[in-house]
2 protein chains.
Amino acid sequence: MKATDSRNLHGHVIRELGKRIVVGDLRPGDILPREEVLAESMDVSRTALREALKVLSAKGLIESRPRVGTRVRATHFWNQLDADVLSWRCASMPTDDFIEKLVEMREIIEPAAAAAAARRRTATQLSNVELAYRKMEAARDPEEWAAADLSFHDAVLQATGNELMISLFSVVESALGMFFVLSAKTAGNFSYSLPHHLKVLEAIRRKQPEVARKAMQSMIEDSLANLHKKRKGGSKKAS
Amino acid sequence: MKATDSRNLHGHVIRELGKRIVVGDLRPGDILPREEVLAESMDVSRTALREALKVLSAKGLIESRPRVGTRVRATHFWNQLDADVLSWRCASMPTDDFIEKLVEMREIIEPAAAAAAARRRTATQLSNVELAYRKMEAARDPEEWAAADLSFHDAVLQATGNELMISLFSVVESALGMFFVLSAKTAGNFSYSLPHHLKVLEAIRRKQPEVARKAMQSMIEDSLANLHKKRKGGSKKAS
DNA sequence: GCTCGAAATTTATCATACAAATGCACCGTG
DNA sequence: CACGGTGCATTTGTATGATAAATTTCGAGC
């Protein structure tokens, strides 16, 4: 699942430098130390360091040029939707600001996905959504229910047949997953969220895009309202 | 602007292998030749090859393990929103299927962005949108108008203050730009597209999210209808 | 037949050397 | 003094060869 492999050495270097850049320890315009000394300071060979730098360069975080060195690029060059960049931001963000941006993306994607699914779903894709719904119905404990809920949303996404949307959703969802424990997100909705899901399912079955969109919209609204209610009370975040 | 640097040698290797994978010449599950022979076959050192492989690995296209080799990963692991992956797909896609998916993403992003901009725009962000609109008014030829149009949409995106949305839009837009010549996309709309833009601008000024969303929606609808009309007639694509 | 371990293969990492690019200072010239 | 070209120094880019680590495979021993 995770993008940069933790096993390998250069993976460690990627994360270490990537975090320092994303967090702001290294700021745009800053020039990193020469490869030779940077390699030594991180206790790896120049070869391994360079492989890491190339990856960070591919993510748009840095830019290397002969004679001048490797410079941290301006934030608008960063691949903000890269799974690593996102996770590094999530790993240390005190402000709720960023979470709200992630939530906003989710609010945009899901209704659109429901509509697209209603428009283009195949028979098997529909039955997958239905299967997920059945699992939600049958769920006994919050963990089961959370897993079924996730598979429901995933089935809807798959039914869109648009891999760009699927990829976007999975990236955003996994980033949000770093903040909210799944069960915490869904536990309270247990009771009255099921009808919402049924509405989405039925709209997709009947190929009614606008109905599906609105149903998904109100589902999310309720979910968020419920979440806010809970946050005033007790635990809510991780990390 | 472009992601992988063409100047360097390993950049060439990245593109070469990346394209072959994305296009389907190399299929998921396939094992690439050993690094040593692959390096020779591409006429680069193993060092340069490995740097390229690491980048492709970061994009989710491949996965390397000792003793087993480098394997092409399943498509659902790919970073579909990566600028390179997207551009490689655009570089050789005979079907209109993929373009429609890109257009769908655009249709999703832009109205949502207009709404978000109306909700949160600062004074200076508003004036930037206004400035772009003025440039559209003042445009004399299609090139000027196309540039102003782009800066209008960019200003709206910036006004959302959500860098995730900005990044998503820029990626999708640049991919679409590989298919449609800018002037071709906008030339026909010259006359009657301006009022649409004005509506969006005014809604953002008055902080009316839903009005802004709908205005942007109908703008895109008209734009696409106009485009389809033109495609039946004359030129439309590039590659 | 099963388990455990040795061997073989491939990637991972390292060290070193050289090539290429490029900013910068220096020098010559008008 | 201003200006432009030219060589030098520095840093990344590439190549080569060697060793370490991981992991599959196969065989030996029980």
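Protein chains get the first letters and strands the later ones, always in sequence-line order, with residue 1 at the start of each. Being a predicted model, the structure only gives us computed values, none of them experimental.
Atom pair A/L38:CG and D/dT10:P shows a separation of 19 Å (rounding to whole Å applied). A straight line from CG of A/L53 to P of D/dT12 spans 9 Å, rounded to a whole angstrom. At whole-Å resolution of the value, CD1 in A/I62 and P in D/dT11 are 17 Å apart. With rounding to whole Å, B/L32 atom CG is found 13 Å from C/dT10 atom C1'. Computed from coordinates, the A/E36 CD to D/dT12 P distance equals 9 Å when rounded to whole Å.
For B/E144, the CD atom is densely surrounded, since the number of other residues' heavy atoms within 6.0 Å is greater than 12.
Using a 4.5 Å heavy-atom cutoff, the side chains of A/K59 and A/D84 are in contact.
Although no hydrogens or angles enter the test, the distance criterion places no donor-acceptor pair under 3.5 Å between the side chain of A/D82 and the main chain of A/N79. At distances below 3.5 Å, not a single donor-acceptor pair connects side-chain atoms of A/N8 with backbone N or O atoms of A/H10.
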Using a 4.0 Å heavy-atom cut-off to protein, can you give one letter per nucleotide of nucleotides 13-23 of chain D, 5' to 3': B if the base is in contact, S if only the sugar-phosphate is, - if neither? BBBB-B----B
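Applying the ring pair (Phe, Tyr, Trp, His ring centres under 6.0 Å) rule to B/H153 yields the partners B/H197; only residues at least two apart in sequence or on another chain are considered.
Both tests pass for A/R89 against the ring of A/F98: distance under 6.0 Å to the centre and angle within 45° of the axis.
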